[in-house]
Structure formats: structure tokens, C-alpha cells
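Numbers here are sequence positions counted from 1. Start at 1 and go down the list; that is how both ligands and their atoms are numbered.
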Amino acid sequence: MKRLTVAIDGPAGAGKSTVARRVAEELGLLYVDTGAMYRAITWKALQSEIDLSDEQVVAAIAREAEIVLDPPEVLVDGVRVTEAIRSPEVTDHVSMVAGMAEVRRVLVEKQRQMAKDGGVVMDGRDIGTHVMPDADVKVFLTASIEERVRRRHLEMIRRGYASDPDRLYQEIKRRDEMDENRSHSPLKPAADAVMLDTTGRSIDEVVSMILDLCRTKVSGGE
Ligand SMILES: Nc1ncnc2c1ncn2[C@@H]1O[C@H](COP(=O)(O)OP(=O)(O)OP(=O)(O)O)[C@@H](O)[C@H]1O
Ligand SMILES: Nc1ccn([C@@H]2O[C@H](COP(=O)(O)O)[C@@H](O)[C@H]2O)c(=O)n1
């Protein structure tokens with residue numbers, strides 16, 4: 001029997017990867033961070049010093065790259081890039097790369113391959129709408145932009161980086177706009193997704209709400 005599939009989408013900084021990883025751990029499922037895959041291709045393209053606006057060249061990089069997700073580690077062609085893919089340089093370019101149709105086609109194919117036997121919690125921007133349209137549980141996580149900036153700012157300080165909330169605000173707003181307005185599988189909730197505003201809710205609370213949705217699904221309820 002195909003095992004549970006859980007799709008978690010939403011805008012930047014809503015808490016997707018934090019809660020998706022926890023839900024996967026609790027349920028003993030595979031966790032797939034699709035944002036890390038777009039970041040990995042962006043990192044490799046930047047390393048290769050190619051013209052990042054050349055879609056054919058970036059697509060060739062996406063086709064050839066071997067991406068390994070071994071949470072929390074991320075490897076590209078055997079190189080550990082876990083922290084490097086979160087750099088401001090990668091963050092500034094990733095949504096442009098993610099807007100390229102052929103890059104998306106290549107990565108969506110890899111993502112569907114990972115999900116083919118079920119037993120997966122996948123987070124991203126187009127999981128419930130496009131990558132796993134038949135997912136058993138679909139959640140669209142949101143939070144106000146002020147809350148998302150505050151969380152990211154605290155995280156940067158915690159990780160020992162300098163952080164400017166105004167710059168974070170502009171970065172998150174720009175990335176959301178690019179993700180919402182691209183022509184291929186833009187960021188939007190699936191029609192059958194459960195909308196979950198996490199503003200003012202703790203991580204534990206959000207994880208527990210998603211686990212409830214999963215358990216209800218497994219026990220045959222709506
Ligand atoms: N409910 C919550 N309450 C407080 N902080 C949270 C909550 N959920 C997540 N966080 C914190 O917010 C920050 C952003 O979370 P996370 O990286 O999971 O978001 P994301 O949606 O995956 O972002 P991105 O799409 O940009 O990768 C992290 O520091 C995380 O610990
Ligand atoms: N399914 C996805 C996942 C991500 N993206 C793009 O990648 C960027 C980085 O994602 P993070 O979750 O790591 O912040 C994101 O801003 C999107 O541009 C995507 O398009 N589809």
C-alpha cells in the first residue's frame with residue numbers, strides 16, 4: 001500500500017522546513033526540502049561563473065547535478081553545501097533560477113521520483129498544486145510578513161550572522177512576489193489545501209495541528 005504523502009507549501013519564512021522536518025520525524029517519513037534543491041542548482045551555477053540569465057546553460061547544470069538530501073545535510077556532486085546554499089548570494093538569485101521552466105521540469109521530475117512510493121513529507125511552493133497534486137494531506141502555511149521577518153532575523157542572530165530587518169523585509173517581499181508571479185507553477189495554495197496561519201502560534205502547536213491532520217487522514221476521516 002502506498003504510504004502517506006504530505007505537501008507543505010507557503011511563502012518564505014513561514015516555517016515550512018522547520019515543521020515539515022518535525023512532522024516527518026514524528027511519522028517516520030522521508031523529508032524532502034525542495035527549496036534546498038533550487039538553492040543547490042543556484043549555488044552550482046554561481047560557482048560555475050556562467051551567465052545566470054542563460055536558461056539553457058542553467059538547465060544543463062540542473063540536468064547534470066547530483067543532489068543528495070540527507071537532512072540536515074545537502075550535497076551537490078559530492079560537495080557538502082548545507083550552509084553555502086543559505087548564503088545571501090544564493091538567496092538573492094534562487095527565485096530567478098526557480099523561474100526557469102526547464103530547471104523546474106528537471107527538479108520536479110527528481111522530486112516526483114523521490115515521492116513515488118509515498119512515505120514522504122515535502123515542502124516548497126508548488127508541491128500541493130503541481131509536484132504531488134494527489135497528496136493525502138496538503139497544508140499552506142502562512143504568517144504575516146512582519147512575523148516572518150522577525151523569525152528570520154532571530155534565526156540569523158542565533159546562527160551568528162549580522163542581520164538587518166529592513167534588508168530581510170525587502171528580500172522576503174521580493175522573493176514572494178517573484179514566486180507568486182512566475183508563469184510556471186507559481187506559489188499559490190492548492191484548492192484542497194488546509195490554510196494554516198502560524199502567526200502567534202508556536203512551532204510545537206503548528207506541528208501538532210499538522211500531525212492531527214495526518215492522523216485523521218490515516219484513520220479514514222476527512
Ligand atoms: N511557529 C513558529 N513560531 C516561531 N518561529 C518559527 C515558527 N515556525 C518557524 N519558526 C522559525 O522561523 C524561521 C523560518 O522558518 P523556516 O526556515 O522553517 O521557514 P521556511 O518557510 O522553510 O522558509 P524558506 O522558505 O525561506 O526556506 C526559523 O528560524 C524557524 O525556527
Ligand atoms: N518547490 C519550490 C521550492 C522552492 N522554490 C524556490 O526556491 C527558493 C528557495 O526556497 P526556500 O524554501 O529554501 O527558501 C524560493 O524562494 C523559490 O523561489 C520554488 O520555486 N519551488
Starting from [atom], find the nearest protein heavy-atom neighbour and note its residue, name and distance.
{"atom": "atom 28 (C) of ligand 1", "result": "E155 OE1, 3.1 Å"}
{"atom": "atom 4 (C) of ligand 1", "result": "R151 NE, 3.5 Å"}
{"atom": "atom 22 (O) of ligand 1", "result": "S17 OG, 2.7 Å"}
{"atom": "atom 20 (P) of ligand 1", "result": "K16 N, 3.5 Å"}
{"atom": "atom 7 (C) of ligand 1", "result": "I203 CG1, 3.3 Å"}

- Task: Would you kindly specify which portion of R125 sits under 4.0 Å from ligand 1, judged on non-hydrogen atoms: side chain, backbone, both or neither?
- Result: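 The side chain, only.
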- With heavy atoms under 4.0 Å as the rule, classify the contact between R152 and ligand 1 as side chain, backbone, both or neither.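 Side chain only.
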- Message: Can a donor-acceptor pair be found, under 3.5 Å and without considering hydrogens, that links the side chain of D9 to the backbone of I127?
- Response: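 A pair under 3.5 Å: yes.
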Side chain or backbone, does [X] bring an N or O within less than 3.5 Å of an N or O on ligand 1?
{"X": "V206", "result": "no"}
{"X": "G15", "result": "yes"}
{"X": "T198", "result": "no"}

State which residues pass side-chain hydrogen bond (donor to acceptor under 3.5 Å, both in side chains) with [X]; sequence neighbours excluded, sorted by chain then number.
{"X": "H153", "result": "S163"}
{"X": "T82", "result": "E73"}
{"X": "K44", "result": "D77"}

- Query: Among T18, D9, I8, which residue places a heavy atom closest to atom 30 (C) of ligand 1?
  - Reply: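 Comparing heavy atoms across T18, D9, I8, the nearest one to atom 30 (C) of ligand 1 lies in T18.
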- Item | NZ (K110) with more than 12 external heavy atoms under 6.0 Å |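 Yes - once you tally the heavy atoms of other residues, nucleotides and ligands closer than 6.0 Å, there are more than 12.
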For [X], counting its heavy atoms only, list the atoms of ligand 1 lying under 4.0 Å from any of them.
{"X": "A12", "result": "25 (O), 26 (O)"}
{"X": "R175", "result": "26 (O)"}
{"X": "R158", "result": "29 (O), 31 (O)"}
{"X": "R201", "result": "1 (N), 2 (C), 3 (N)"}
{"X": "S202", "result": "1 (N)"}

- Task: Answer yes when D176 and R148 have at least one side-chain N-carboxylate O distance shorter than 4.0 Å, and no when they do not.
- Result: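 Counted as a salt bridge, because a side-chain N and a carboxylate O are separated by less than 4.0 Å.
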- Charged N to carboxylate O under 4.0 angstrom, R174 versus E171?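 A salt bridge is absent here (no side-chain N lies under 4.0 Å from a carboxylate O).
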In a simple table, one pair per line, please give the protein and ligand 2 atom names for every N or O pair closer than 3.5 Å, along with the distance.
from, atom 1, to, atom 2, distance (Å)
ligand 2, 1 (N), T34, OG1, 3.0
ligand 2, 1 (N), R125, N, 3.1
ligand 2, 1 (N), D126, OD1, 2.8
ligand 2, 12 (O), R125, NH1, 3.0
ligand 2, 13 (O), R39, NE, 2.7
ligand 2, 14 (O), R39, NH2, 3.1
ligand 2, 14 (O), R125, NH2, 3.4
ligand 2, 14 (O), R175, NH1, 2.8
ligand 2, 16 (O), S95, OG, 3.2
ligand 2, 16 (O), R125, NH2, 3.3
ligand 2, 16 (O), R175, NH1, 2.9
ligand 2, 16 (O), D179, OD2, 2.9
ligand 2, 18 (O), S95, OG, 2.9
ligand 2, 18 (O), D179, OD1, 2.6
ligand 2, 18 (O), D179, OD2, 3.3
ligand 2, 20 (O), R104, NH1, 2.8
ligand 2, 20 (O), R104, NH2, 3.4
ligand 2, 20 (O), R182, NH1, 2.8
ligand 2, 20 (O), R182, NH2, 3.2
ligand 2, 21 (N), R104, NH2, 3.1

Would you say the side chain of [Y] lies within less than 4.5 Å of the side chain of [X], judging by non-hydrogen atoms?
{"X": "C214", "Y": "E26", "result": "no"}
{"X": "M37", "Y": "L69", "result": "yes"}
{"X": "R86", "Y": "M156", "result": "no"}

- Query: Is there a heavy atom of G13 sitting under 4.0 angstrom from any atom of ligand 1?
  - Reply: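 Within the 4.0 Å threshold, so yes.
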- Taking the non-hydrogen atoms of A14, is any one of them nearer than 4.0 angstrom to ligand 1?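 Contact present.
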- Check the hydrophobic clustering (I, L, V, M, F, W, Y; side-chain heavy atoms under 4.5 Å; chains of links allowed) and say if M178 and L168 are grouped together.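 The answer is no; the residues belong to distinct hydrophobic clusters.
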- Message: If hydrophobic clusters are built by linking Ile, Leu, Val, Met, Phe, Trp and Tyr wherever their side-chain heavy atoms come under 4.5 Å apart, do M96 and I61 end up in the same one?
- Response: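 Yes; tracing contacts between hydrophobic side chains, which count when under 4.5 Å, links both residues.
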- Message: Side chains of S202 and D204 only: does a donor on one sit below 3.5 Å from an acceptor on the other?
- Response: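 The answer is no; no qualifying pair exists.
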- Task: Indicate whether any N or O donor in one side chain lies under 3.5 Å from an N or O acceptor in the other, for T198 and R151.
- Result: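 The answer is yes; a qualifying pair exists.
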- Task: Compare every heavy atom of R175 with every heavy atom of S95, then report the nearest pair and how far apart it is.
- Result: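 The pair with the smallest heavy-atom distance is OG-CG, 2.8 Å.
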